[in-house]
Asker: 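Shown below is the structure under consideration.
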Amino acid sequence: MQVIYDQLVYFAFFQSIFLLGIYTLSPSSRKNVNGYLAFLIFVLLIGLSSRVLYTLEAFEGNYRITAFSEYATLLFGPTVYLFTKSSLSDERFTYQNLLHYLPALFYITFLLFYYQLPDIEVINTRVISGELFQVVAILIGISLSVNITYWILSLQYFLKFKARLLSELSYTVKTQFFFNFLMAVGICLFAWTIIYFISILEIERLEIEARKFIWMSIAFIILFIAFYGIRAPELFKNKPLVVIQKYAQSKYSTTDLVNLKARLEAIMIEKQPYLNSKLLKAELAEMLGINNPELARLLNEQIGMNFFEFVNYYRIKAFIELAKTEKAQNMTLFGLAQEVGFNSKTTFTNAFKRLMGTTPSQYFKANS
């Protein structure tokens, strides 16, 4: 088991070096890849380095030298947050973003002058007195708090972004990676928290075994990034998944909204904009002659649906009508769904079940 564990750490370590080489040495990749992703991989590489050096018995067990991997501790959380935020929005790098790394700067400076630069006699004195253990416990507690805070901020940003997509887009985008990514980071932080409390209780043997989960978590995050780098490389490009436009606030009265509702329903029936699988709320608002917040208010107050639900409602109606035609005899259910604007089988099935209370196949079986 120990051999498999070490091989996994080694593989992730060299995989991170390989990814960094691709993202930093290739001119095209360096220009297009999200810079925070490259830095995150670099941070994870630093974090794994101490385990690799320890396994190789480098520096003859001099922990003060291999402790440089601790530099990555407070770089992790802010980088996860900035990577998530920059990938989901159209916000670019600003020097203000560097403020997120101030805690890491103080942490690295303190570690350097407190543990790495002093003479070995000073360190031994601190170990014997118990001072070093207390200081390390405080530092790890602060590190955990900072990283968990940034993880929560990242998760909140992702959930708000995903909720906002339902009010802006009529189709789904690839957000599953970010959910899985944040869950992997959360598991890593959870394992780290458990180990921290075990170490506080001074259960030494258990701590040594449990610490393996931290290295394994870091290794899996690197392999996770590498997997999606092959499967969906567009996720890591230096551009947001979708740009959501901003408009002024709505000024229409309730009476105006009632009239707009009738016009909107007429547009949906006559012009059938829902057939566009990439329909945006901004496009439908433009057809109606209003802006985004006005359409959002119209949908919420007069119809009781968000944009995603509203468009899919008309697609489902069109799907049921199309399924009754002769054309449907030679097509699959999803083929029919694509004809009315759906671009995802999962989205189609979920929308149908939400509206009709059953799956498409069950519905037509009951009504055949």
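If you're wondering where the values come from, they're calculated on a predicted model, not measured in any experiment.
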Asker: Kindly determine whether Asn300 and Arg297 satisfy side chain to side chain contact (heavy atoms under 4.5 Å, CB included), including the steps that lead there.
Answerer: CA-CA 5 Å; Asn300 292 332; Arg297 183 184 172 198; 5.9 Å; no
Asker: To the nearest 0.5 Å, how far apart are CG in Asn97 and NZ in Lys85?
Answerer: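 Between atom CG of Asn97 and atom NZ of Lys85 there are 7.0 Å.
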Asker: Using atom types as modelled and distance alone, determine if a side-chain donor or acceptor of Asn312 lies under 3.5 Å from a backbone N or O of Ala351.
Answerer: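 No; judged by distance alone, with no hydrogens or angles, the pair does not exist.
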Asker: Is it the case that more than 12 heavy atoms not belonging to Phe106 sit under 6.0 Å from its CZ atom?
Answerer: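 No, the 6.0 Å shell around CZ holds no more than 12 heavy atoms from other groups.
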Asker: Go through it in stages, so that I can follow the logic: the residues are Leu264 and Leu284, the test is side chain to side chain contact (heavy atoms under 4.5 Å, CB included), and I'd like the CA-CA distance, side-chain angles, deciding distance and then a yes or no.
Answerer: CA-CA 9 Å; Leu264 176 61; Leu284 186 58; 4.0 Å; yes
Asker: I'd like to know if the side chain of Asn147 reaches the main chain of Leu74, judged simply by a donor and an acceptor atom lying under 3.5 Å from each other, with no hydrogens or angles considered.
Answerer: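 A pair under 3.5 Å: no.
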Asker: Could you please spell out the steps behind the salt bridge (Lys or Arg N to Asp or Glu O under 4.0 Å) verdict for Glu339 and Lys327?
Answerer: CA-CA 11 Å; Glu339 289 288 314; Lys327 178 181 179 180; 3.1 Å; yes
Asker: Can you sort out the partners of Lys160 under salt bridge (charged side-chain N to carboxylate O under 4.0 Å, His left out), two or more places apart, ordered by chain and number?
Answerer: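 Counting only residues at least two positions away or on another chain, Lys160 forms no salt bridge (charged side-chain N to carboxylate O under 4.0 Å, His left out).
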Asker: Please give me the minimum heavy-atom distance between Leu45 and Ser16, naming the atom from each residue.
Answerer: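 So the two residues come closest at CD1-OG, 3.1 Å.
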Asker: What is the distance from atom CZ of Phe181 to atom CG of Leu37, rounded to the nearest 0.5 Å?
Answerer: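 Between Phe181 CZ and Leu37 CG, I get 8.0 Å after rounding to 0.5 Å.
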Asker: Please evaluate residues Thr79 and Tyr150 with respect to the criterion side chain to side chain donor-acceptor pair (under 3.5 Å), reporting the C-alpha separation (whole Å), side-chain torsions for both, the decisive distance (0.1 Å), and the verdict.
Answerer: CA-CA 9 Å; Thr79 307; Tyr150 274 106; over 6 Å; no
Asker: Minimum heavy-atom separation for Ala38 to Leu20, with atom names?
Answerer: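 Nearest heavy atoms, Ala38 then Leu20: O-CD2, 3.2 Å.
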Asker: Taking all non-hydrogen atoms of both residues, which atom of Ser344 and which atom of Phe334 are closest, and how far apart?
Answerer: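 Reported closest heavy-atom pair: C-CE1, 3.5 Å.
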Asker: Backbone N or O of Gly77 within a donor-acceptor pair of the Trp151 side chain at under 3.5 Å?
Answerer: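 The answer is no, because no donor-acceptor pair under 3.5 Å joins these two groups.
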Asker: Not counting sequence neighbours, which residues clear salt bridge (charged side-chain N to carboxylate O under 4.0 Å, His left out) with Glu283? List them please.
Answerer: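 Here no residue qualifies.
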Asker: Is there a continuous path of hydrophobic side-chain contacts, each under 4.5 Å between heavy atoms, that joins Leu105 to Tyr81?
Answerer: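 Cluster IDs for Leu105 and Tyr81 differ.
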Asker: Would you say that more than 12 heavy atoms from the other residues, nucleotides or ligands in this model lie under 6.0 Å from the OH of Tyr314, or not?
Answerer: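 Above 12, so yes.
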Asker: Please indicate whether Tyr313 has more than 12 foreign heavy atoms, meaning atoms of other residues, nucleotides or ligands, lying under 6.0 Å from its OH.
Answerer: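 No, OH of Tyr313 has 12 or fewer neighbouring heavy atoms, counting only those of other groups under 6.0 Å.
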Asker: Search all heavy atoms of Met287 against all heavy atoms of Pro273 and return the closest pair with its distance.
Answerer: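 That closest heavy-atom pairing would be SD-CB, 3.9 Å.
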Asker: Would you mind reporting whether Phe342 and Ile316 have side-chain heavy atoms less than 4.5 Å apart?
Answerer: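 Yes, side chains in contact.
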Asker: Between the main-chain N or O of Leu288 and the side-chain N or O of Arg263, is there a donor-acceptor pair closer than 3.5 Å?
Answerer: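 At least one qualifying donor-acceptor pair exists.
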Asker: Are Ile140 and Val127 linked, directly or through other ILVMFWY residues, by side chains that come within less than 4.5 angstrom of each other?
Answerer: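 Yes; Val127 is reachable from Ile140 via cluster members.
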Asker: If you define the side chain from C-beta out and look only at heavy atoms, does anything of Phe11 sit under 4.5 Å from Gln15?
Answerer: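 Yes, close enough: below the 4.5 Å cut-off.
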Asker: In terms of side-chain heavy atoms, does Tyr36 have a donor or acceptor partner in Thr84 at a distance below 3.5 Å?
Answerer: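 Not at all, the side chains of Tyr36 and Thr84 share no donor-acceptor pair under 3.5 Å.
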Asker: Determine whether Leu189 and Val185 satisfy the following criterion, side chain to side chain contact (heavy atoms under 4.5 Å, CB included), listing intermediate values before the conclusion.
Answerer: CA-CA 6 Å; Leu189 291 174; Val185 171; 4.1 Å; yes
Asker: Would a single hydrophobic cluster contain both Val122 and Tyr115, if residues Ile, Leu, Val, Met, Phe, Trp and Tyr are joined by side-chain heavy-atom contacts under 4.5 Å?
Answerer: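 No, no single cluster joins them.
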Asker: Does the side chain of Ile303 reach to within under 4.5 Å of the side chain of Lys261, using non-hydrogen atoms?
Answerer: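 In contact.
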Asker: Would you indicate whether the side-chain heavy atoms of Lys278 and Asn343 approach each other to under 4.5 Å?
Answerer: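 With C-beta onward as the side chain, the pair touches.
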Asker: Any side-chain heavy atom of Asn306 within less than 4.5 Å of one from Leu299?
Answerer: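 No, every pair of side-chain atoms sits at 4.5 Å or beyond.
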Asker: Is it true that Phe310 and Tyr274 have ring centroids separated by less than 6.0 Å?
Answerer: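 When the ring centroids of Phe310 and Tyr274 are compared, they turn out to be at least 6.0 Å apart.
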Asker: Are any non-hydrogen side-chain atoms of Ile148 and Thr193 less than 4.5 angstrom apart?
Answerer: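 Yes, at least one pair of side-chain atoms sits under 4.5 Å.
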Asker: Answer whether the closest heavy-atom distance between the side chains of Ile225 and Leu40 falls below 4.5 Å.
Answerer: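 In short, these two side chains touch, coming nearer than 4.5 Å.
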Asker: Starting from Phe18, can I reach Phe42 by hopping between I/L/V/M/F/W/Y residues whose side chains sit under 4.5 Å apart?
Answerer: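 In one cluster with Phe42: Phe18, yes.
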Asker: Work out which heavy atom in Ile46 is nearest to a heavy atom in Ser69; give both atom names and the distance.
Answerer: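 In this case the closest contact between Ile46 and Ser69 is O-CB, 3.0 Å.
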Asker: Which of parallel (below 30°), tilted (30 to 60°) and perpendicular (above 60°) describes Phe352 and Tyr363?
Answerer: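 Perpendicular: the ring planes of Phe352 and Tyr363 meet at over 60°.
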Asker: Using the ring pair (Phe, Tyr, Trp, His ring centres under 6.0 Å) rule, take Phe39 and Tyr101 through it: C-alpha gap first, then chi angles, then the decisive distance, then the call.
Answerer: CA-CA 12 Å; Phe39 188 64; Tyr101 292 108; 5.8 Å; yes
Asker: Is Arg126 close enough and on-axis enough to Phe133, meaning under 6.0 Å and within 45°, for cation-pi?
Answerer: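 No, Arg126 does not lie over the aromatic ring of Phe133.
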Asker: How many angstroms lie between atom CD1 of Ile17 and atom CG of Leu48, to the nearest 0.5 angstrom?
Answerer: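 Answer for the CD1-CG pair, Ile17 versus Leu48, is 10.0 Å.
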Asker: Strictly under 6.0 Å, is that where the ring centroids of Phe220 and Phe224 end up?
Answerer: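 So the answer is no for these two rings.
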Asker: Any chance you could lay out the side chain to side chain contact (heavy atoms under 4.5 Å, CB included) test for Ser143 and Phe76, step after step, and finish with the verdict?
Answerer: CA-CA 10 Å; Ser143 301; Phe76 181 65; over 6 Å; no
Asker: Below 30° counts as parallel, above 60° as perpendicular, anything between as tilted: where do the rings of Phe83 and Phe178 land?
Answerer: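 Because their plane-to-plane angle lies in the 30° to 60° range, the rings of Phe83 and Phe178 count as tilted.
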Asker: With sequence neighbours excluded, tell me which residues meet side-chain hydrogen bond (donor to acceptor under 3.5 Å, both in side chains) with Thr358.
Answerer: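 Only Gln362 meet the side-chain hydrogen bond (donor to acceptor under 3.5 Å, both in side chains) criterion with Thr358.
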Asker: First locate atom CG of Leu280, then atom CZ of Phe307, and finally report the distance between them rounded to the nearest 0.5 Å.
Answerer: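 Leu280 atom CG to Phe307 atom CZ measures 7.0 Å (nearest 0.5 Å).
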Asker: What distance separates Leu275 CG from Gln338 CD, expressed to the nearest 0.5 Å?
Answerer: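 The distance works out to 13.0 Å.
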Asker: Parallel, tilted or perpendicular for Phe158 and Phe179, by the 30°/60° rule?
Answerer: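 Aromatic pair Phe158/Phe179 classed tilted.
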Asker: Say you draw a straight line from CD of Glu286 to CG of Leu295; how long is it, rounded to the nearest 0.5 Å?
Answerer: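 Reported value, rounded in 0.5 Å steps: 12.0 Å.
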Asker: For Val340 and Phe319, work out which heavy atoms get closest and say how close.
Answerer: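 Taking Val340 first and Phe319 second, the nearest heavy atoms are CG1-N, 3.7 Å.
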Asker: Should Ile41 and Phe227 be regarded as members of a common hydrophobic cluster, given that ILVMFWY residues are connected when their side-chain heavy atoms come within less than 4.5 Å of each other, either directly or indirectly?
Answerer: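 Cluster IDs for Ile41 and Phe227 match.
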Asker: A side-chain contact here means heavy atoms from C-beta on lying under 4.5 Å apart; do Val146 and Tyr107 qualify?
Answerer: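 Side chain of Val146 against side chain of Tyr107, heavy atoms only: no contact under 4.5 Å found.
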